[in-house]
Q: 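I'd like to ask you about the structure that follows.
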4 protein chains.
Amino acid sequence: MLAAVSDVAWLQAMLDVEAALARAQARLGLIPAKAAEAIASRCRAEHFDIDQLGRDAIDAGSPVVPLVKALRAALPREAADRAHWGATSQDILDTAMMLIARRALDLIGEDLDRLASRAAELAARHRSTIMPARTLLQQAVPTTFGLKAAGWLVTIQAARSRLTAARGTLAVQLAGAAGTMAAFGDRGDEVVHELAGELGLGEPFFPWHTERGRVVQLGMALGLISGSVGKMAFDVVLMAQTEVGEVSEASAGRGGSSSMPQKQNPVGAVAVLACLRGVNAQVGLLLDTLVQEHERAAGAWQAEWPAVSEALRLTGGAVARGGEMLAGLEVHPDRMRENLALSRGLIMSEHVVVVLAERIGLKRARELVEAAAATASRTGLEFKDVLRHDPAISEQLKPADIDAALDPATYLGLAEAMVDRALAAYRAEGRTSR
Amino acid sequence: MLAAVSDVAWLQAMLDVEAALARAQARLGLIPAKAAEAIASRCRAEHFDIDQLGRDAIDAGSPVVPLVKALRAALPREAADRAHWGATSQDILDTAMMLIARRALDLIGEDLDRLASRAAELAARHRSTIMPARTLLQQAVPTTFGLKAAGWLVTIQAARSRLTAARGTLAVQLAGAAGTMAAFGDRGDEVVHELAGELGLGEPFFPWHTERGRVVQLGMALGLISGSVGKMAFDVVLMAQTEVGEVSEASAGRGGSSSMPQKQNPVGAVAVLACLRGVNAQVGLLLDTLVQEHERAAGAWQAEWPAVSEALRLTGGAVARGGEMLAGLEVHPDRMRENLALSRGLIMSEHVVVVLAERIGLKRARELVEAAAATASRTGLEFKDVLRHDPAISEQLKPADIDAALDPATYLGLAEAMVDRALAAYRAEGRTSR
Amino acid sequence: MLAAVSDVAWLQAMLDVEAALARAQARLGLIPAKAAEAIASRCRAEHFDIDQLGRDAIDAGSPVVPLVKALRAALPREAADRAHWGATSQDILDTAMMLIARRALDLIGEDLDRLASRAAELAARHRSTIMPARTLLQQAVPTTFGLKAAGWLVTIQAARSRLTAARGTLAVQLAGAAGTMAAFGDRGDEVVHELAGELGLGEPFFPWHTERGRVVQLGMALGLISGSVGKMAFDVVLMAQTEVGEVSEASAGRGGSSSMPQKQNPVGAVAVLACLRGVNAQVGLLLDTLVQEHERAAGAWQAEWPAVSEALRLTGGAVARGGEMLAGLEVHPDRMRENLALSRGLIMSEHVVVVLAERIGLKRARELVEAAAATASRTGLEFKDVLRHDPAISEQLKPADIDAALDPATYLGLAEAMVDRALAAYRAEGRTSR
Amino acid sequence: MLAAVSDVAWLQAMLDVEAALARAQARLGLIPAKAAEAIASRCRAEHFDIDQLGRDAIDAGSPVVPLVKALRAALPREAADRAHWGATSQDILDTAMMLIARRALDLIGEDLDRLASRAAELAARHRSTIMPARTLLQQAVPTTFGLKAAGWLVTIQAARSRLTAARGTLAVQLAGAAGTMAAFGDRGDEVVHELAGELGLGEPFFPWHTERGRVVQLGMALGLISGSVGKMAFDVVLMAQTEVGEVSEASAGRGGSSSMPQKQNPVGAVAVLACLRGVNAQVGLLLDTLVQEHERAAGAWQAEWPAVSEALRLTGGAVARGGEMLAGLEVHPDRMRENLALSRGLIMSEHVVVVLAERIGLKRARELVEAAAATASRTGLEFKDVLRHDPAISEQLKPADIDAALDPATYLGLAEAMVDRALAAYRAEGRTSR
């Protein structure tokens, strides 16, 4: 991913656009084929002094101005005249951004697929592995780890389809000095069409020099992807806490501390959470760039492409680190069971209410169970024993009824069915091409 | 719009969910029809003390807890027992948020449609009204005001389709205490199905207590809508500048200054720009809420629904103010022409290069034209005169050629064709139902 | 706090500015004393139709324009002429914002003081209450709860001093139509001076119509305050987890669940975390408003005062909820000890390295201890037993040495000394007036 | 600036901290002087394979872990044992961040000083250069360009003093594994004191592993600095518009277009505006990192130092580009005068109201002037002529009175006095050391 968004990658992407533009015009007979060939053969990053271009870009206010100058300087007169013909700097940079985005999205997509596959595996294997569900970080009712993993899977798949959608909107930009394509006479649309074909990018319905929905939606997809992996990562961090211990990131030399020998930090998860903060910062920036002045913005556009590059890099980092995290995730069903037992049965109190309410109505059932739960909390007694010794409750429920009501396995609702649903959808999607 | 997101609207939306939940369960035979009727008939905002509920919500950490308590207190025992059955606070609040969003999106959609209609009108009327295109706020080449308005139209239509997409993802939430729907036994899916039918909302594939892509995408759609109107508004502010004077917001008592009698401020445009900053702040907040802990978040979720409410309100404000702005927009073609003439022909210099390059190659053409442009800038002479008196140029171009090259109408490229394209697409869309 | 930033409060603040402006000019002899009296006596919010003003403000693009109109309409001719004399809308609104901010900051300051007092109490009482310190949510080494509370105290005090600093920068705005105070002739500075005196606000060095550092710094102080309380709140949420159980928010009817009787949610802490997200969204907005056009901005300024109002409200909410959280916080030293024991001694491994390194060098010590820690992790044995049975270690350390090395109380470093330092500073500050 | 925040600079900064830590402990007799010398002499970036460290950092979750390993590997046993003694990764990285920040702030400070000097020059030279003041981008009343430049100066100086304040808060971090400094026994404070002395950084009152106000305030200072330069830059962009033409960035090969020969883009100003968007994104990220878990955060901290590095780099870019912009700024007083005349006198309408109100009261004066202004707008007549021919006005004001009232030079208020005030303060500050 670092290579896909590096300075060299950007330079090559810009050169790819210049080369494709020349070829597109040659195909239409707008410039000589020989000139196009000369231009295209020169459009290799290694022919350029990238540091010098960087310095010149500051004075020029754009990296394209010095690049075109250097390109023309290296070409014979006839070809030099035809290079960059009819385009404006933003045409080149915007289209290059789309190429960069496409390459990066493909890498991210592959990593997301691996993540999804691993989440599916966890969901299947732990379909019935009982653990506490937690709301506001308090144990609430039982669930299964499979359902948690299935939730991750569904979220990742949703993010994956946003990526696919965003990739589908990538399009060339070619509208000339200020959006009218005037330098192409009346053949602008044809050049756009050929350029899009050359680069395998979409053909935009309209120039988008200052209509930046396309870029903002790309950013938003990256935010959704990172955030989706981030939700999973934070669950892992929380489950990996010393006191919870339900999962751990596999070690093999990773996650050690520089001072504490016993520590095994969830470094993959933490890296995801760090990356996504960076992504969100850039997505926020991109959202603000929708307001662009007239036919080319003074600042908003110039802030955009470094932000896209950074958001791609960091999303790539989040997804890659998330993949490592999940690949090495060790699950500890024994700790899950122990944690379920921590409340000495209180986690089942909603279920006891449900069972009791069938006989004496909800209001009275809640009152009795709340009182019993308070007693159990105060005394440290097992909830079972408190319930058995409460005359109003034991009048309704026999010891066996109470035991059944307190068995977490009887109160999983649709947890397992939802795991199956998520896995079925995942497998069905896998059969269709994206 | 204020009414659609008011405290009363939220209260009623929560009550609508409780009523629908009771009816849904009655239809499935899970609760008695009579209880459902009693519950539904009580679910009217005017029956509740909204201020007291607000105060109690702080202690409870949720508005639903005191609301359910108050609702049950007002019902006969049998019905009280069945109210809110199987749901958790978040189920009610999330589904209420979807109802609020639907109502608000519909209002926003109507205003957007008016905006689009007015933009289309402007594009059609000013299809050929020549004005300067500006990049980095410098005059660049000629364009038409129609093309600018067509760009607005295309952007608004794109935002409109995002709204439609976001509206289509609105779905009920009903997953019980922690996402397993355990209190419904194995009938959770049926209840969700009935509830969705009752409310006319979608049926989610999975519970979304802590999978918040749906909410983030709603926020992003609002950001795109506001930003799209904002781009238009900033164009208006810039064109309305005293020194530019190409448009003005119609007055009729609006936009006066408290101290300067002559001022006619573009108050609609300014209000749009203020609103969208508020929207973007909330969208950024929403993006950050993708990371939610376990089965219910401690903070991120609680920050979400006020943010959605505010984002809806402010997007509604932006679109409404934008509509007023555009409805009253006066266009001044004469000032556009005067501004085009400001550079004494220099705005046509790219065209002169194009024309000259056909004869003597681009490099030489650029050199000659750049020198002539510099002379014209330095001396204040008409560009035409400088070109005529330059021997190297006049050797290639006759005075009539120069005049033609300097005529803005000859260098509009596809401006008018693109206006037609945008209008055709707009009309085609209008024929299809959304 | 709600009252301090309500619409009525804003209306009254604007009226307070108009009244003070009239009195200031009367004192300088610029307007008749009788006119000033008439104006001032009319400047009461209850004399105005706040809903109508709100509607008119939209058309006017400012609430001040209709307010001044309504004020003048209610005054005799002579006084009407003098009302708002020399001021521009922004003068009134900016100064009103400062009044609102002052009142709100005072409330926030009081709540912060209560928070600090309670944190100091906790630090003192639990100076030596041993608990695990956690890094990346993994147990690291022992610390004391007193040190944690002392860290909160230091942070709150730092935020408190930022509040004091921000309060000290609040100043009047009075620069007329566009910053030159031209309507006051050459007496502008005198009017500013008198107005500042009237309102008890500072006198700005320069007009700040579009130089908004003052507002941004106010926002940043609010962000720091909320974030400081938020750090504390998240510590509470994490310590209150069922599996950690080191603290709980006292109940008394708070934090119950609508479906689960046993739950005791940390509702105060969660509310803090929700509020601070809202604050940060507004602070981000404010930061972006530093770039304001010319002598009055078109959008950035208009977005500012609702953002300030909201940031004050939510900061007030965060601090108030944080205060409730801390006031009712129950600390469970027994659970802290149990958690320390969870790692069967491994949490002391850094200390064992330190002790052993004194005899055999760090490298060798780390190797031995890491191996022993791995054995203890794998086998579930007590770390003590593994160390005792390791020949290379037991050669260096006698059983008593090992016991001493594993005693958390021997490895607290400066924890208790730092508690004393924080408390001493807190008490010293308390003796000085703010 | 690029060099000051490069990867090599960060590596060297971390090594500087390790070296200083060793020397500090040697001075206290905690480690042998010889070991400290060996460590310090090895702490040179060129001795390390920076790419390999980067790769290893991902697995380790921190760059310090592999760095310490590599450092120890390159040292004799005795010294290796003493390297990094008592510190945790965050101690090294946080302190390195402070060193990086100090170097970068010094560079930024120098550039800010140059900016201030140039703004002062412009304020002095154009103290009385009359131009239109603009509110909501509409001409409002006259002002002078000197006052505008003085406003810039005041803002820059305020930002400069924020920088100085932020620089003063830079402090070492050294608190060991989890904030208790336990590995130093009871000598932690002494080591901190010596380390601070070695590095010339402040001594913190308390460890700040998860109390991040210091970092957030650094970020906020950077946001204020960038935003202050950004306000100036946007004024320049607006004044440089083709239709306004009041300033231009000097050319000398800068700001050309890749397609339009006549263009002279305000590239410095645009670059400032692009940079500041990037800065604000990072500052927003930093603000969100105030909430850090327990004694070391899982994600928030890891996101912080790249954000600080980027914010420093981009602030440096904004200030440097702003400096180039101002250094080459050409001011066109003739265009300012022409623009003032654009409204044919209407810009003076507030003044006419002021003059007339002295005779016939404000209400009547406003009515007459508003009517006259409307007539002038509608007819295109000179305001002067409309006023002269209005019987109600000409009854009160003689032609000479009208001419005087319409002379912009008579309605500058305190513009020139404020220029003098700003310059006096600037010169006074220059005499004091920072």
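Numbers restart at 1 for each chain; the letters A, B, ... are given by sequence-line order, proteins then strands.
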Q: For chain B, which residues of residues 283-294 of chain D have at least one non-hydrogen atom nearer than 4.5 Å to it?
A: D:D288
Q: Heavy-atom cut-off 4.5 Å, strictly under: side chain, backbone, both or neither for B:L136 against chain D?
A: both
Q: Only pairs under 3.5 Å count here: list side-chain donor-acceptor contacts from residues 269-276 of chain B, not counting sequence neighbours, and write none if there are none.
A:
none

Q: Can you name the closest pair of heavy atoms from D:T144 and D:A415 and give their distance?
A: CG2-CB, 4.1 Å
Q: Restricting to pairs with a member in residues 231-244 of chain D, which pass salt bridge (charged side-chain N to carboxylate O under 4.0 Å, His left out), not counting sequence neighbours?
A: B:R134-D:E243, D:K148-D:D235, D:K231-D:D235
Q: Of the non-hydrogen atoms in D:P142 and D:M348, which two are nearest, and what is the gap between them?
A: CG-SD, 3.4 Å
Q: So, using ring-ring contact (aromatic ring centres under 6.0 Å, His included) as the criterion, who are the partners of D:F145 when residues are at least two apart?
A: D:H126, D:W152
Q: Indicate the atoms forming the closest heavy-atom contact of B:A405 with B:T410, along with that distance.
A: O-OG1, 4.4 Å
Q: Determine the minimum heavy-atom distance between B:S377 and B:R344, stating which atoms define it.
A: CA-NH2, 4.1 Å
Q: Pick one of side chain, backbone, both or neither for D:A240, based on which atoms fall under 4.5 Å of a heavy atom in chain B.
A: both
